[in-house]
Structure formats: structure tokens, C-alpha cells
Amino acid sequence: MAIQINGNGTITGISSGGLPAGSVTTATLADGAATGSKLGAGSIIQTIQAIKKDTATGTSYDSYTATGLSATITPTNSNNKILITAHLYGSTGSGGWAGFRLYKAGSVITDAISTAYTGSHYNVIDGHRQNNNWIVFGYNPGDTHEEIDLYEYTNTYLDTAGGTSAITYDLRGISRETGVTWYINKPRAADDSDANAAPVSSITLQEIGV
């Protein structure tokens, strides 16, 4: 079919890929015209965020319990990367510690947990101990109370999508021993006071082109 330039401003007869190489540049594209893999390597294809405003607790010491903090993303390319950023506010009861692991589609991401120690150690994505209390949300060196207050925990992990179906990432927690409880988004105290912060936690997923 011959190429025709019509009086109404349209061109017909051009085959797919028929334009000379380099004839379409960034400047000639309409704003927002490039999406998905066309954005190029290193570009953020999409961002998904889940906010947890309520509280969560767990007491299991022999298995990891869901925190309710999860997000689902559907990658556009199986080779793309997924950057997971988890931001938690939490605490534990006196005399114990808690740890958290990152899960993908129901299975723990083993590359996101420590291998520094084996045996009886709980290898988690992060952890700390203070005054015989273990926490995973950061460290306040000025706090000498036996009761753990409120701590902030942030960590990131770069995963490979591995497919183009929906993927759910979530965090699950474990306690050191029976009788130890971990909390997410629990205020320092329940009474109505401006001294008691009521925080929120979040998990953010970003697909990055490769």
C-alpha cells in the first residue's frame, strides 16, 4: 500500500517499524506517552503502597505470624526489579525480643535474612537487644526503662519479579519465647494524652525497569 498524506492531517500506509531509525525522539512524544518497559532501564514503572493504621500483635515463638502489613504488585516484565521498603513502628513486652521476615507469595525470601549465625539463632531481616529486650524497630540509647516504648524500623530489599502475575509481599513476626508479645502501631500507653503517639506503618513496592 502506497503511503498517502491526507488533507485531514493523517498519514496512512506506513508499516510497523517503517519509520527511519531515530526519527521518533523524546521531544516528539506526547507527555505520558511512554509507559511500562518503554520508560527504559532504571525507571520506576509503578509504585504500590499499603498503609496499616490499626494495631497488630503476635505471640508465636515457633512460627512466623502475619502482621497484616502486605502489598500486591503485578509486574509488567518478569526481569524487572521490585524494590520493597518496609516501615514499621512497634514494641515488645518486657523481657523479650521479636523478629520479622519478608515473604513473597507466601514463602520467606531467604536472601533477605541474616546468615551470620546458625543453630539456635533466629535469623531475621533485622534485630536489636536492649536491657534484655530484643526489638527490630531501631534503637534509642537513652531509654533505660525495662518496658520497651515505641521503636521505628525501616528496611529495604531489591527483588527480581520473576513473572508477570500478581505478587504479594508481606511481613511476618516471631517472638523469642512463650509469653512474649510483639506489637505494631501500639501507642506507649492507652490513655488519652499528647505524650502517647499513635503511629502508622507501611510497605511500599516499586517496579524498576532493567
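No experiment lies behind these values; they were computed from the predicted model shown.
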Check against side-chain contact (heavy atoms from CB on, under 4.5 Å), Tyr64 and Val108: CA-CA 10 Å; Tyr64 285 79; Val108 65; over 6 Å; no
Side chain to side chain donor-acceptor pair (under 3.5 Å) assessment of Ser78 paired with Thr164: CA-CA 5 Å; Ser78 61; Thr164 55; over 6 Å; no
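One N or O on the side chain of Asn185 and one on the backbone of Lys52 form a donor-acceptor pair closer than 3.5 Å. With hydrogens and angles ignored, the 3.5 Å screen pairs a side-chain donor or acceptor of Lys104 with a backbone N or O of Ala161.
The two residues Pro75 and Ile167 make their nearest non-hydrogen contact at CG-CD1, 3.8 Å. Of all the heavy atoms in Ala50 and Ala71, the pair that sits closest is CB-CB, 4.0 Å. When all heavy atoms are compared, the tightest approach of Ile184 to Ser201 is CG2-OG, 3.6 Å. Here the closest non-hydrogen pair linking Ala86 and Leu171 is CB-CD1, 3.4 Å. Across all their heavy atoms, Ile174 and Ser60 have their closest contact at CG1-O, 3.5 Å. Shown here for Ile84 and Ile82, the closest heavy-atom pair between the two residues is CD1-O, 3.5 Å.
When only modelled atom types and interatomic distance are considered, Arg172 and Tyr103 share no side-chain donor-acceptor pair under 3.5 Å. Between the side chains of Thr156 and Thr85, not a single donor N or O lies within less than 3.5 Å of an accepting N or O.
Distance check: Leu88 CG to Ile203 CD1 gives 8.5 Å after rounding to the nearest 0.5 Å. Taken from OG1 in Thr76 to CD in Gln46, the straight-line distance is 6.5 Å, to the nearest 0.5 Å. To the nearest 0.5 angstrom, Glu207 atom CD is 9.0 Å from Thr74 atom OG1. The line from OG1 of Thr204 to CG of Leu83 is 9.0 Å long, rounded to the nearest 0.5 Å. Atom OG in Ser43 sits 9.5 Å away from atom CD1 in Ile208 (nearest 0.5 Å). The distance from atom OH of Tyr61 to atom OG1 of Thr181, rounded to the nearest 0.5 Å, is 13.0 Å.
Side-chain heavy atoms closer than 4.5 Å link hydrophobic residues (I, L, V, M, F, W, Y) into clusters, and following such links, possibly through other members, connects Leu102 to Ile48.
The aromatic rings of Phe100 and Trp182 lie perpendicular to each other, with more than 60° between the two planes, well past the 30° mark.
Considering only heavy atoms from C-beta on, Lys81 stays 4.5 Å or farther from Asp159 through its side chain.
When hydrophobic side chains of Ile, Leu, Val, Met, Phe, Trp and Tyr are connected at separations under 4.5 Å, Ile51 ends up clustered with Val200.
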